[in-house]
Amino acid sequence: MIPIVSSRNRELHRVIAGIMNNIRVRFAPSPTGYLHVGGARTALYNWLFARHMGGVLILRIEDTDVDRSKPELTTAILESLEWLGLNWDEGPIYQSQRLDRYHAMALSLQSSGHAYPCFCTPEELQSKRAKAEAERRPWKYDGTCRALSHADRDRLLAEGRPAAVRFRIPDSGKTSFEDQVFGHIEVEHRDLEDFVLLRSDGHPTYHLGVVADDIDLRVTHVVRGADHISNTPKQILMYQALEAPIPVFAHLPLILGPDKQRLSKRHGATSVGAYREQGVLPQALVNFLALLGWTPPGQKEIVTIEEMIRDFDLGAVSKSNAVFDLEKLAWMNSEYIRHLSPEQLLPLVERELAGAGLPVRDPGMGVQEEERFKQIVLLLQSRARTIQDYAGPFRAFFNDEFAYEPGAVKKFWKDGSIASLLEALAERMAAANPFDLAGTEAALRTLAEEKGVKAGLLINASRVALTGQAVAPSLFEVIVVLGQDRVVARLRRAADHLRSVPDNSTSPAA
RNA sequence: GGCGCUAUCGUCUAGGGGUUAGGACGUCAGAUUCUCAAUCUGAAAACCCGGGUUCGAUUCCCGGUAGCGCUACCA
């Protein structure tokens, strides 16, 4: 008997397995900044893993740093996630609302002897650290308060001395784990220091927050940036002290700038929101980010979200950091724009134009204008790198007020006869009937022949007159789409402009 | 400094004990043409260095180097 397992069946089995295994992952941004592309990729990989496995994605907001966390940033992060299409199944859960829980855990760790109060002040520690550094000695918390007797401890507590709570690292031995991406990792306990769990102001540190939450939320797989590899052994020790099951860890290589330094503002835009504003499509950004550290099977690079979900595999994630290549993103974005249906593209362009003060929709807009608008958008579709191009280089297609681009003027308006040629062409265009591709082309070529100039000269000069740009679609397509009245007017205006500034200076037309 | 991790074209990467080391972005050239983009064709472009294991290492091991990360009462 031949077992028949359709791909659909396999899909189903995987989802069932995911549910049975109770696969639970989380994305835990800190609202101390906007969602940056690195965070977005972490979110994406968590999301893909959850969807692939039929598991659950939890969103948690790590807002324990009261000074740096801002509620409006949480809102912005949520918006960015939604824009990218990364939905979550549980949460958002706010750490700031779980303070009691962290206190309880810190207490339990203390009563089991895995943690202790530390009365050292930040200033004391700071100076000890500075001294060690000056003497070029490696610094690690020296354990002053670890050695305190019960009596001393109680006395200091009774005095009301502010105390942090530190985790007690075992004196010897080592901790290791099998990272799903990096493989076996281990560190000696002697290289770890007794880190702070609870600040003296009662707020938990990152370590306590994550572990407490991941335990309570029954997180099975921790997928996060590689900058947390070094933190993992400490956290595993906490799981053990708490007698909680240890999740599977998978660390993701970092995203770097072109100079191979960690991506930061000085490399330009780093936030998801900034790319959105720059006219990048969410699908393109998701696709690009997915490929930064992971390669789907096959050689295809433009992959649908369904294919990503189907093929995603933590084990296939790269171990080395990746440079964020804006050029490739731009290419991918143009690729996605090109494949948008008119129904998808039109509203995006309208939004962009409106944002740039070039509204297309006025109350008196007729069906014909509506159709013309659509034709223009589609004509330009294959040349758009971002949606923003519509309000930038393509401006002349949507508004009569545009400037003649200096480079274009220099390149195509240098011939002295241009003004009169454009003037003559205006007349022919006014007379062209029918005003279509063939009709206008014939009119132009006839004129060129009569004047004894190459058609190309007239075509290129006209393109500048009609669009202000040296670069635009095929001239006759532009002519048809702009319409007879505009074409005639713009040709005349260009001729006038040339006559008024014989030196071909590049002052704006309007 | 200590500890950890990483190392294939400029960039993202595939591959893997014996390959013409594959793809993509970018670059360059050609085709096309009415400019540019797109498209098509072609080209240049990489296994960090040194040892070891092996008949044979880019691949496995060790060392070096470089880069990154952690080394906070940040996350």
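Numbers restart at 1 for each chain; the letters A, B, ... are given by sequence-line order, proteins then strands.
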[N] pairs with, by Watson-Crick or G-U criteria that keep both distances under 3.5 Å:
| N | answer |
| --- | --- |
| rG67(B) | rC5(B) |
| rA72(B) | none |
| rA44(B) | none |
| rU39(B) | rA31(B) |
| rG26(B) | none |
| rC60(B) | rG52(B) |

Can you tell me how far [atom1] in [N] sits from the matching atom in [M], rounded to whole Å?
| N | M | atom1 | answer |
| --- | --- | --- | --- |
| rC62(B) | rG22(B) | P | 29 Å |
| rU59(B) | rC68(B) | P | 24 Å |
| rG10(B) | rU27(B) | C1' | 9 Å |
| rG26(B) | rU13(B) | C1' | 14 Å |
| rU20(B) | rU71(B) | P | 48 Å |
| rA7(B) | rU19(B) | P | 22 Å |
| rC49(B) | rA57(B) | P | 14 Å |
| rA24(B) | rC34(B) | C1' | 31 Å |

Between R137(A) and E135(A), does any side-chain N to carboxylate O distance fall below 4.0 Å?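 Yes, charged N to carboxylate O under 4.0 Å.
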Do the side chains of R146(A) and D171(A) get close enough for a salt bridge, i.e. N-O under 4.0 angstrom? yes
Grab the [atom1]-[atom2] distance between [X] and [N] for me, whole Å please.
| X | N | atom1 | atom2 | answer |
| --- | --- | --- | --- | --- |
| F182(A) | rA7(B) | CZ | P | 9 Å |
| L380(A) | rA38(B) | CG | C1' | 13 Å |
| F324(A) | rU13(B) | CZ | P | 13 Å |
| Q299(A) | rG23(B) | CD | C1' | 7 Å |
| I61(A) | rA75(B) | CD1 | P | 14 Å |
| L291(A) | rC12(B) | CG | P | 12 Å |
| L256(A) | rG10(B) | CG | C1' | 15 Å |

[X] to [Y] six-membered ring, cation-pi geometry met (6.0 Å, 45°):
| X | Y | answer |
| --- | --- | --- |
| R166(A) | Y141(A) | yes |
| R98(A) | Y94(A) | no |
| R486(A) | F435(A) | no |

N or O in side chain of [X] less than 4.0 angstrom from [N] OP1/OP2:
| X | N | answer |
| --- | --- | --- |
| R262(A) | rC70(B) | yes |
| R166(A) | rC73(B) | yes |
| R129(A) | rA72(B) | yes |
| Q261(A) | rC68(B) | yes |
| K260(A) | rU11(B) | yes |
| R338(A) | rA37(B) | no |

Please pick, from [options], the nucleotide with the shortest atom-to-atom distance to any side-chain atom of [X].
| X | options | value |
| --- | --- | --- |
| W331(A) | rG1(B), rC25(B), rA75(B) | rC25(B) |
| R385(A) | rU11(B), rG69(B), rG26(B) | rG26(B) |
| L475(A) | rC70(B), rC34(B), rU13(B) | rC34(B) |
| V323(A) | rA72(B), rC34(B), rC12(B) | rC12(B) |
| L254(A) | rA72(B), rU13(B), rG69(B) | rG69(B) |
| P138(A) | rU35(B), rG1(B), rC68(B) | rG1(B) |
| E301(A) | rC70(B), rC73(B), rC12(B) | rC12(B) |
| F412(A) | rU13(B), rU35(B), rC34(B) | rU35(B) |
| D191(A) | rC3(B), rA75(B), rU39(B) | rC3(B) |
| N321(A) | rU71(B), rA75(B), rC68(B) | rC68(B) |

When you measure only distances, ignoring hydrogens and angles, does the side chain of [X] come within 3.5 Å of the base of [N] through a donor and an acceptor?
| X | N | result |
| --- | --- | --- |
| S230(A) | rC3(B) | no |
| S474(A) | rC34(B) | yes |
| K328(A) | rA24(B) | yes |

Mapping D259(A) and E188(A) onto RNA chain B by nearest heavy atom, which one lands closer to the 5' end?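 It is E188(A) whose nearest nucleotide is closer to the 5' end.
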Would you mind telling me which residue lines up with the more 5' stretch of RNA chain B, T295(A) or P204(A), judged by nearest nucleotide?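 The answer here is T295(A).
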Does the ring centre of H36(A) sit less than 6.0 Å away from the ring centre of F324(A)?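 No - the distance between ring centres of F324(A) and H36(A) does not fall below the 6.0 Å cut-off.
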Under 6.0 Å between ring centres, would you say that holds for F195(A) and H207(A)?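 Centroid separation for F195(A) and H207(A): below 6.0 Å.
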Quick one: does Y102(A)'s side chain get under 4.5 Å of D213(A)'s, heavy atoms only? yes
With sequence neighbours left out, write down each residue that passes salt bridge (charged side-chain N to carboxylate O under 4.0 Å, His left out) with D259(A), or none if nothing qualifies.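 Residues passing salt bridge (charged side-chain N to carboxylate O under 4.0 Å, His left out) with D259(A): R266(A).
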